[in-house]
Engineer: 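The structure is given below, and queries will be raised subsequently.
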Number of protein chains: 2
Amino acid sequence: MYKSVDASTMRRFNKQTVLSLLYQQEQTSRVAISEQTGLNRATVSSLVDELIEEQFVEETGLGVSSGGRKPILLRFNANAGYTIGVDVQITHITTVLTDAMRTVVYENQCQLHTRTHPVTAERLFDVLKEEIGLAIKACPPSPHGLFGIGIALPGMVNYATGHVSYLPNLNITEWPIVEQLSLIYPQTVIIDNDANCGAWSVYMTERIKNLIFINAGIGVGAGIVVNGRVYRGRNGIAGEAGHATISTIGILCSCGNYGCWEQYASEQALARYLREQGLDRNQMDEFSPLFVSRCVRKAQDNVQAYSNSLRLLGDYLGIGIANLLQILNPEAVFLSGTVAEAESILLPEIRRVIHHRGISKNKEMLIKIAPQSTVAVGAAGLALAHSIDIFPSREDNELLS
Amino acid sequence: MYKSVDASTMRRFNKQTVLSLLYQQEQTSRVAISEQTGLNRATVSSLVDELIEEQFVEETGLGVSSGGRKPILLRFNANAGYTIGVDVQITHITTVLTDAMRTVVYENQCQLHTRTHPVTAERLFDVLKEEIGLAIKACPPSPHGLFGIGIALPGMVNYATGHVSYLPNLNITEWPIVEQLSLIYPQTVIIDNDANCGAWSVYMTERIKNLIFINAGIGVGAGIVVNGRVYRGRNGIAGEAGHATISTIGILCSCGNYGCWEQYASEQALARYLREQGLDRNQMDEFSPLFVSRCVRKAQDNVQAYSNSLRLLGDYLGIGIANLLQILNPEAVFLSGTVAEAESILLPEIRRVIHHRGISKNKEMLIKIAPQSTVAVGAAGLALAHSIDIFPSREDNELLS
DNA sequence: CAACATGGTTGAGTTGTCATACCAATTATC
DNA sequence: GATAATTGGTATGACAACTCAACCATGTTG
């Protein structure tokens, strides 16, 4: 609980400061690092030498000078090592392999649920092994090899314990998945909720310290970054905003309650709106992964039922997002998941609702779309951040003022 | 942005570790501190000597031994200095003076809004000066004197900038109150939302790192503590959960929207429920500060309209709290404000609703009542924490692993 | 009263940063 | 083209703060 600081802690801390600065900047020099960190030039030299020795950093030539010796340019070594990220969705699995700078160097999709192989924990485990195996094969040689494996799961999982509590649409409960995978892979293995992975992914690239990532597909979940770290709450189930009530006398939800946001802002809700607009099930293939994009196409073709339904979806997304804004007043909100494919119709609606329902500064909240690969890359990023400390969350730590 | 650590930073850090440990424990010895912090005994001795020199710590005699020299007991010096906390409510102001251990040594209440003096920013400012002046007079002599002044305000205020944005029921907008007060008082002056002060107060005593404090009176607001610090969001307006929608087609709120939680879980809501139960305004003095406690009295006397209304209030409180739980999954929730006076009726209802609506572990969430003085003490505590670092929020800082 | 146990202090040793002087390399100036 | 000025990077000693180990100080136990 109480931690002491000695000389070696001090050095580790400073070394990570230098490393994380190098991670964020394309090219820098020793003197530039010294100026930005406040560390003495001698100290920076010594730390950089160590980092070069460890192959986390490379010298890449000389920079320009304005009357003096040219600086030796330094760069974080993207090839230092690799990380695997897996995004488990209900119908399929996306696996990525990223280098240390989080550039995707390999990507693969596979079906999870097929007629011959319905989903069970065993089936999921087998597919994971298979997919991770493929990614490992695709991993280029590097000084640090594979840093770790991060898995994003759609449901309630506990990052801290590595236990899956409940994956609603996959019918999996109480499963110590990290424990099992760790028997196979010696590297760091971590799991997290898919929205948390997405939120972390966005944080890594955007460096927005307080943000919300909304993953809206079959279900609706939120990932929350507070002060530059994923907020998971006591049991790792923070962000289950899909099961917050937006209508006290609303529709029955799979969770047993009435009026959950998820019942108004998910793919299922979209299908219901379409039915309410007079379409019957056969017309709309609501179980296809392409459901939403087909709806968008139809709306663009001016089929009223579709555009009406999508706008309604946008309204309800906006109401739920506005609620999150009132509670969390973040710096930005990112929307992802299959539903995000309808951004052209949803975003204006969401922005309108937020401008109307939001209080004060929340009216002008930044709402953006995040690409589909965000979650998988975020899963990899969580494993990466677990291995090397390049995402400091200590900027406003008063103790280091 | 990037901070370096040198020997003096290291020492400051360790000194604060020692001080915060002393702050939390009644009595300790140098060796015990050494064991708990991992710091060498020599280092602890040196740090403690400095703290004694600065009069933050006292030696208070000898402890018991089990076969050896008796330890010299150390104690945080409660008399090191004092802090003023002010809780501004719509009808009145509570001012407290606390010692360095947050024990209240002086308390005063005064009317804010009177027939001869309606509330304006000037009026509030005058009353604040008056009340703070009285508290300063009550401040006993001490080595550090007055650490600072903290003011809790009912509305949207920005802790970071010291600006009041909007106090809805006091009709005050855009007011640089800290700036003005700092012209008068040389000490630290800080402001914050009342629920934030309450949340901080609870954190200080309970040391629950992730909690929600709900202040339900005329309005409803939440204070959020994440990772041992108050979470305020981008503009300092996080926690405005009273303006989250719980009913999309609900009642019109003062904020202009429909279905805000505040319209179902505040004193005003209680008054409405009573009216809906057939009571007319004259019977229920809804503008008295004693409104809620009188309602409780009547409910205890088995007047059905009152017990029904209070139960309804409890249900809606429960719905809104459940929403916060799904989103934040905290470790505990504390309820305060005038409405909390009906705890005997509300708490069972709230717990029932949460058990019903909460997902997974949220069902068993700890819900407690916090006393009315919490907010004022928290305001003082914020100013205290601003002056001396005894509430470290760095326990799981990976950098110091 | 000796043996042992525990709390606290002292002084040497270690680690790591800082300041300063210095070398290296390049541009500007005479 | 030689020299001065400028900027980047390195080596060395001073300094600060922590650790370690030995040593007092003061107990309790047999």
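Just so it is clear: chains get the letters A, B, ... in the order the sequence lines come, proteins before strands, and each one is counted from 1. Bear in mind the structure is a predicted one, so any value in this text is a computation, not a measurement.
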Engineer: Assess whether atom CD of B/Glu59 is packed by more than 12 heavy atoms of other residues, nucleotides or ligands within 6.0 Å.
Structural biologist: yes

Engineer: For DNA chain C, whose closest nucleotide is more 5', that of A/Gly67 or that of A/Lys15?
Structural biologist: A/Lys15

Engineer: What is the distance from atom CD of B/Glu50 to atom OG of B/Ser45, rounded to the nearest 0.5 Å?
Structural biologist: 12.0 Å

Engineer: Taking any heavy-atom pair under 4.0 Å as a contact, classify B/Asp6: base, sugar-phosphate, or nothing.
Structural biologist: sugar-phosphate

Engineer: If you only use heavy atoms from C-beta on, which nucleotide in D/dC18, C/dG8, D/dG9 is closest to the side chain of A/Ile72?
Structural biologist: D/dG9

Engineer: Looking only at side-chain atoms of B/Thr43, point me to the closest of D/dG9, C/dA19, D/dC18.
Structural biologist: D/dC18

Engineer: Please work out if A/Ser8 contacts a base, only the sugar-phosphate, or nothing of the nucleic acid, heavy-atom cut-off 4.0 Å.
Structural biologist: sugar-phosphate

Engineer: Taking any heavy-atom pair under 4.0 Å as a contact, classify B/Leu73: base, sugar-phosphate, or nothing.
Structural biologist: nothing

Engineer: Would you mind classifying the nucleic acid contact of A/Ser29 as base, sugar-phosphate or nothing, using non-hydrogen atoms under 4.0 angstrom?
Structural biologist: sugar-phosphate

Engineer: Taking only the side-chain heavy atoms of A/Arg41 (C-beta and beyond), determine which of D/dT7, C/dT17, D/dT10 contains the nearest atom.
Structural biologist: D/dT10

Engineer: Select base, sugar-phosphate, or nothing to describe what A/Arg11 touches, counting heavy atoms under 4.0 Å on all strands.
Structural biologist: sugar-phosphate

Engineer: So, using side-chain contact (heavy atoms from CB on, under 4.5 Å) as the criterion, who are the partners of A/Arg41 when residues are at least two apart?
Structural biologist: A/Val31, A/Ser34

Engineer: Between B/Ser65 and B/Met10, which is nearer to the 5' end of DNA chain D once each is assigned its nearest nucleotide?
Structural biologist: B/Met10

Engineer: Between B/Tyr23 and B/Phe391 (judged by ring centroids, cut-off 6.0 Å), do the two rings come close enough to count as a pair?
Structural biologist: yes

Engineer: Which nucleotide sits closest to the side chain of A/Lys70: C/dT27, C/dA19, C/dT9?
Structural biologist: C/dT27

Engineer: Does a distance-only test, which skips hydrogens and angles, find a donor-acceptor pair under 3.5 Å between the side chain of B/Arg69 and the base of D/dG27?
Structural biologist: no

Engineer: Ignoring the backbone of A/Val31, work out which of C/dT17, D/dT7, D/dG9 is nearest its side chain.
Structural biologist: D/dG9

Engineer: Looking across every strand, which nucleic acid part, if any, lies under 4.0 Å from B/Arg30 by heavy atom: base, sugar-phosphate, or nothing?
Structural biologist: sugar-phosphate

